[in-house]
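These notes are about the structure you will find just below.
As a basis for the values below, the full set of heavy atoms in this structure was taken, side chains included, without hydrogen atoms, waters or symmetry mates. Chain naming here is simple, since letters A, B, ... match the order of the sequence lines and numbering starts at 1 in each.
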Amino acid sequence: MLHVHDNLQRRKVPFEPREPGRVSMYVCGPTVYDTPHVGHARREVVFDVMRRYLAHAGFEVTYVANITDIDDKIIGRAAEEGRTEPDVAAEFTDVYYREMDRLGIARPDLSPRATEFVEGMIATITELFQHDAAYVIEGKGVYFDTSAADEYGQLVGRSRDELAEGAGQRVEIEEGKRSPLDFALWKSAKPGEPSWPTPWGNGRPGWHTECVAMSLSILGDGFDIHGGGDDLVFPHHENELAQADASGHRFARYWLHNGMVNVDGEKMSKSLGNFTTLAELLDHHAPRAVRLLMLQTHYRRTMEIGHDALVAAAEGLKRLDSMHRRLAAAGLDVAAAPLDADAVARFDAAMDDDFSTPAAVEVVFGLVRRANQALDVDDDITAGSAGHTALQLADVLGLAAGASTASAGEADGIAASIGLRNQARAARDFAEADRIRDELAERGIILEDTADGTTWHRA
RNA sequence: GCGCCGGUGCCCGAGCGGCCCAAGGGAACGGCCUGCAAAGCCGUAAAGUCGCGGGUUCAAAUCCCGCCCGGCGCUCCA
């Protein structure tokens, strides 16, 4: 049975979804004011893999991830560049999805935009007023009264007093707030900024409200998983939870947060240029290598990302891919081979333990080794089974081995070259054989001579 | 300053009271295979203070205390 580490209870607990067989998850998505960075990538990979595994485990998953398309930073950027806010948001939303597509992140089932959800936010705020949990500061906006949330601080694990003491140390406290902990639900319009009409005057959404409105109205009360980076625990998620509590809604059943990514900036910039943006990272390293590296660390831990580790991950993937090729070259009908039930059970046990992807990856590599061993001794039964299982489990992790592709014309050309080379080899004209091989290598085509013939793949 | 989380081989990183003289991936070295490669496999070496110092226990990388270092949070940052 699946167990997850619920950050609210701060311990691993059995996962019991609201409805048997169905899982609803809401992950806090990006604010689209800039290009995504490596940290966004980890969040996406982490929750993408959870989603894949849940589906693999037989759940019907509904995955919602919002796009925050209106906020201070978007307004700031728009002003700076003399553009409109929707223009800025549209650009970076596109960039975001483009980069996540490269990483092989499946698109959410629903990706609500804050600006398309204003009605819902007004309804949420209205409800908070009805529960005496909101108040207006003239000219500033609508604020949430944290004293209305009895358990305020429960998620971050600190008392209201402790939090109040810390508040205002780093940022100035807005005048008129009843408590330094209170936060804006709705911000009054300032000249030149986008705004929407509400019963409390024109204005725009406060960040903490949109996720409550979207998650509850799309997934309903007591949805299953709420995810995000662990830097969002406070204040963002705490404030979401406070709103739900204050208005009498059961919020997420489980809170899952992924750890941060550290980039060894100095080392990184020397060897490759500073790729703190995801695009730069993916320009230098295979997306699957990035994914594998991320999965080799447990999702809750802080991880280090660096050139050497990325290269190591890419090398590891080569073993998976070459196994894939060897199976094909041996003419095995891998898909027809029975799965290794024992290995699948170990994989599932690993993932059931709070998505322990490092242990799951270990199972996959063990199978790769076993399949290769079997291939070495022509044990097709074992090779097929281990190989099939490895490929299927890798797919659950989003690491599916990809076949090298080529246009028909190119493939024919390569096949012809291989034919010529093999003729030369048969005639023991190794100089010519090596010349052909080198020529192909220059085009990025690597040849491998196996007992079952010569195969090729891209470098 | 306060809170939370971490510090494990050359690198990344699992393990979190006995199965650990510490998984897995990569790098290194040797071998098998190969015309030579590549790929694969086998083996070897590599942590002997698992940040440092105390303590608990029959037993500690794993628990407790202190210290050092790093990350994150402390009002809009994944």
Between B:G18 and B:C63, how far apart are the P atoms? Round to whole Å, please.
11 Å

Which of A:Asp354, A:Asn258, A:Asp230 passes side-chain hydrogen bond (donor to acceptor under 3.5 Å, both in side chains) with A:Tyr299? It is A:Asp354

Using whole Å, report how far NE2 of A:His237 lies from P of B:C4.
21 Å

For a quick check of understanding: with a heavy-atom distance under 4.0 Å over all strands, which category does A:Arg437 fall into, base, sugar-phosphate or nothing?
base

Nearest-Å distance once atom C1' is located in both B:A61 and B:C76:
40 Å

Applying a 4.0 Å non-hydrogen cut-off, can you work out what A:Gly259 is touching in the nucleic acid: base, sugar-phosphate, or nothing?
base

Looking at the side chain of A:Glu362, which of B:G26, B:G24, B:A78 is the nearest nucleotide?
B:G24

Ignoring the backbone of A:Thr297, work out which of B:A14, B:C12, B:G71 is nearest its side chain.
B:A14

Considering only atom C1', compute the distance from B:C72 to B:A59 and round it to an integer number of Å.
35 Å

Of the options B:G35, B:A78, B:G40, whose atoms approach the side-chain atoms of A:Val261 most closely?
B:A78

Are the side chains of A:Leu397 and A:Met351 in contact, using a 4.5 Å heavy-atom criterion?
yes

It should be established whether A:Arg158 places a side-chain nitrogen or oxygen under 4.0 Å from OP1 or OP2 of nucleotide B:C4.
no

May I ask you to verify if any side-chain N or O of A:Arg301 is less than 4.0 angstrom from the OP1 or OP2 atom of B:G7?
yes

Please state the P separation for the pair B:G17 and B:C12 - nearest whole angstrom.
25 Å

Using a 4.0 Å heavy-atom cut-off, does A:His298 contact any base of the nucleic acid, only the sugar-phosphate backbone, or nothing at all?
sugar-phosphate

For A:Arg421, which contact category applies under a 4.0 Å heavy-atom criterion: base, sugar-phosphate, or nothing?
base

Any A:Thr302 side-chain nitrogen or oxygen under 4.0 Å from OP1 or OP2 of B:C5:
no

Between CZ on residue A:Arg425 and CG on residue A:Leu420, distance to nearest 0.5 Å
13.0 Å

Could you tell me whether A:Phe234 contacts a base, only the sugar-phosphate backbone, or nothing, with contacts defined as non-hydrogen atoms closer than 4.0 Å?
base

What nucleotide among B:A14, B:G71, B:A38 has an atom nearest to a side-chain atom of A:Asn262?
B:G71

So what does A:Val311 touch, heavy atoms closer than 4.0 Å: a base, only the sugar-phosphate, or nothing?
nothing

When all nucleic acid strands are considered with a 4.0 Å heavy-atom cut-off, which category describes A:Leu447: base, sugar-phosphate, or nothing?
base

Roughly how far apart, to the nearest Å, are B:A45 and B:G30 at atom C1'?
10 Å

Heavy-atom nearest nucleotide on RNA chain B for A:Ser356 versus A:Arg370: which residue maps closer to 5'?
A:Ser356

Once rounded to the nearest 0.5 Å, what's the spacing between atom NE2 of A:His298 and atom OG1 of A:Thr357?
7.0 Å

Side chain of A:Trp207, heavy atoms from C-beta onward: which of B:C76, B:A27, B:G40 has the nearest atom to it?
B:C76

Looking only at B:G24, B:G35, B:A27, the nucleotide nearest the A:Gln296 side chain is B:G24

Could you tell me whether A:Asn239 contacts a base, only the sugar-phosphate backbone, or nothing, with contacts defined as non-hydrogen atoms closer than 4.0 Å?
nothing

With respect to the side chain of A:Lys187, which nucleotide from B:A38, B:G35, B:C76 is positioned closest?
B:C76

Say whether A:Asp72 and A:Tyr33, considering side chains only, have a donor N or O and an acceptor N or O under 3.5 Å apart.
no

Examine B:C42: is either OP1 or OP2 under 4.0 Å from a nitrogen or oxygen in the side chain of A:Gln373? Give yes or no.
yes

According to a strict under-4.0 Å criterion, is A:Lys73 in side-chain N/O contact with OP1 or OP2 of B:C77?
yes

Only one of A:Arg325, A:Arg437, A:Lys318 forms a salt bridge (Lys or Arg N to Asp or Glu O under 4.0 Å) with A:Glu448, so which one is it?
A:Arg325

Mind running ring-ring contact (aromatic ring centres under 6.0 Å, His included) on A:Tyr63 and A:Tyr26 for me, showing each step along the way?
CA-CA 6 Å; A:Tyr63 186 101; A:Tyr26 182 94; 9.3 Å; no

What's A:Gly316 touching, base or sugar-phosphate or nothing? Going by heavy atoms closer than 4.0 Å.
sugar-phosphate

Can you tell me if the side-chain N/O atoms of A:Arg369 get under 4.0 Å from OP1 or OP2 in B:G25?
yes

Paired with B:C20: which nucleotide, if any, by Watson-Crick or G-U wobble criteria at under 3.5 Å for both distances?
none

For B:C29, the nucleotide meeting Watson-Crick or G-U wobble distances (both under 3.5 Å) is B:G43

On RNA chain B, more 5' by nearest nucleotide between A:Phe365 and A:His37 is A:Phe365

Presence of A:Arg10 side-chain N/O under 4.0 Å of B:C4 phosphate oxygens OP1/OP2:
no

Nearest-neighbour nucleotide for the A:Ala184 side chain, B:C72, B:C36, B:C76 considered:
B:C76

From B:G25, B:G35, B:C74, pick the nucleotide closest to the side chain of A:Phe430?
B:G35

Using the P atom on both, measure B:G51 against B:G7 and round to a whole Å.
7 Å

Provide the distance between the two P atoms, one in B:G43 and one in B:C36, to the nearest whole Å.
24 Å

Between B:U34 and B:C29, how far apart are the P atoms? Round to whole Å, please.
23 Å

Does B:C36 have OP1 or OP2 sitting under 4.0 Å from an N or O in the side chain of A:Arg425?
no

Is there a side-chain polar atom (N or O) of A:Asn372 under 4.0 Å from OP1 or OP2 of B:C41?
yes

When you look at A:Glu280 and A:His284, which way does the side-chain hydrogen bond (donor to acceptor under 3.5 Å, both in side chains) test go after all the steps?
CA-CA 7 Å; A:Glu280 284 170 299; A:His284 288 94; over 6 Å; no

